[in-house]
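Atoms within each ligand, like the ligands themselves, are counted from 1 in listed order.
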Amino acid sequence: MSSEQDPNARLRPDLDEEINVSETHAVFEGATQATIRERRLNENGMEPVPLWLFLLAGIALLVGGTIIGKGGTLFAYNQDSMWATDWDPDTSGGPVEVTEGEALAFYVKQGAKTYGKCAGCHGADGRGDGANFPPLADSEWVTGDNTEALAMIILNGISGPITVAGKTWNGAMPAQGPLSAKELAPLMTYLRNGLNDVGDVVSIEQAQAAIDAYEQRGPGKATSEQELKDAHMQFLPGESMDPATIIDFESYQPVANAGGN
Ligand code: HEC
């Protein structure tokens, strides 16, 4: 067959003169190279993806993405915000996992986070604003031997006249409770050692005693300077903690049997 005589000559693939692909594949006359190529692809399982499959995949992605997005914390980037108190990163498995250390430094660090509740009024440095909000730095209510009064103020709020470092204030502070013992003990430790320099650690045991007293008294009524002076000018019951105590960062309690086996 010479190319002049062969009606399918124009359909022949270029490479092999001997094999006429158009004929081998029983292509009808008039087929273009494109349709021939299409057929070959179909047979090889490389057929183009149908439109409906495309749409289905798109819908699946949309629905899946929405579920994951709404599913909680995966994309909640604000968790490590400076004042977040419930941010409790799971460090297990990390190569340099630190699970214990000195009580004072840890309590001050944790307490500084809870102090975010107070900073808006009393100032980030605890010096108040000189007009409406009294100072916590150099306040005898914070630094004195009366941690029970301090806890009462925090948990119940306080209203009416109160004298701080020789100046009398007469405002109202809303209750800052309820707080857990693991929030209150570090907060009080921060007030006494981050904003002041007392040198002691309010223990979980003492914070719990304060919370028990608060619950017995009944939440909802702000305390007053008079009530504090009448009944709460004393240390909270329970042992305070030595600042150098090695504590467990999970329980906030002394590591039992440190160094033992
Ligand atoms: C909404 C503002 C506000 C917030 C928030 C607030 N306080 Fe107060 N606080 C006050 C005011 C006002 C007074 C004075 C109340 C009075 O005159 O009876 C006060 C008084 C005090 C006092 C006794 C007086 C002194 O200066 O020593 C302490 C202690 C105290 N606050 C601690 C805290 C702590 C700790 C927090 C956070 C857990 C906190 N406050 C949050 C407004 C606030």
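For ligand 1, the polar-atom distance check against Pro174 finds no nitrogen or oxygen pair separated by under 3.5 Å. No N or O atom of Leu187 sits closer than 3.5 Å to an N or O atom of ligand 1.
Proximity to Trp169 (heavy-atom distance under 4.0 Å) selects the following atoms of ligand 1: 17 (O). Listed by number with element, the atoms of ligand 1 under 4.0 Å from a non-hydrogen atom of Asn132 are 12 (C). Near Ser139, with a cut-off below 4.0 Å to any heavy atom, the atoms of ligand 1 are 25 (C), 27 (O). Within ligand 1, counting atoms from 1 as listed, the ones closer than 4.0 Å to a heavy atom of Trp141 are 27 (O). If you number the atoms of ligand 1 from 1 as listed, the ones under 4.0 Å from a heavy atom of Asn170 come out as 17 (O). Atoms of ligand 1 lying under 4.0 Å from at least one heavy atom of Leu150, given by number and element, are 29 (C). The ligand atoms of ligand 1 that sit less than 4.0 angstrom from a heavy atom of Pro135 are 25 (C), 26 (O), 27 (O). If you number the atoms of ligand 1 from 1 as listed, the ones under 4.0 Å from a heavy atom of Gly160 come out as 16 (C), 17 (O), 18 (O).
Through ILVMFWY side-chain contacts below 4.5 Å, Phe133 is grouped with nothing and stands alone.
The main-chain N or O of Ile162 is never found under 3.5 Å from a side-chain atom of Trp141 such that the two would form a donor-acceptor pair. Side-chain atoms of Ser139 never come within 3.5 Å of backbone atoms of Val164 as a donor-acceptor pair (strictly under, hydrogens ignored). Side-chain atoms of Asn196 never come within 3.5 Å of backbone atoms of Val198 as a donor-acceptor pair (strictly under, hydrogens ignored).
Crowding of Asn170 atom CG: a count of heavy atoms from other residues, nucleotides or ligands under 6.0 Å exceeding 12.
Checked by atom type, the side-chain pair Asp230/Gln226 shows a donor-acceptor distance below 3.5 Å.
The closest approach between Ser159 and ligand 1 falls below 4.0 Å for a heavy atom of the residue.
In terms of protein heavy-atom proximity, atom 5 (C) of ligand 1 is closest to Lys117 O, 3.3 Å. Of the protein's heavy atoms, Gly171 N, 2.7 Å lies nearest to atom 17 (O) of ligand 1. Among all protein heavy atoms, the one lying closest to atom 24 (C) of ligand 1 is Val164 CG2, 3.5 Å.
Taking a cut-off of 2.8 Å, the protein N, O or S atoms nearer than that to atom 8 (Fe) of ligand 1 are His122 NE2, Met173 SD.
Scanning all heavy atoms of the two residues, the minimum distance from Asp248 to Val255 falls at N-CG2, 3.5 Å.
Ile247 has its side chain within reach of Tyr107: a pair of non-hydrogen atoms, C-beta onward, lies under 4.5 Å apart. Side-chain contact between Trp169 and Pro135: present, with at least one pair of heavy atoms (C-beta onward) separated by less than 4.5 Å. No side-chain heavy atom of Glu100 sits less than 4.5 Å from a side-chain heavy atom of Glu250.
Two rings, from Phe106 and Phe249, have their centers less than 6.0 Å apart.
Checked for salt-bridge contact, Arg127 and Asp138 meet the test: a charged N lies under 4.0 Å from a carboxylate O. One finds no salt bridge joining Glu183 and Lys117 here, because no Lys/Arg side-chain nitrogen approaches an Asp/Glu carboxylate oxygen to under 4.0 Å.
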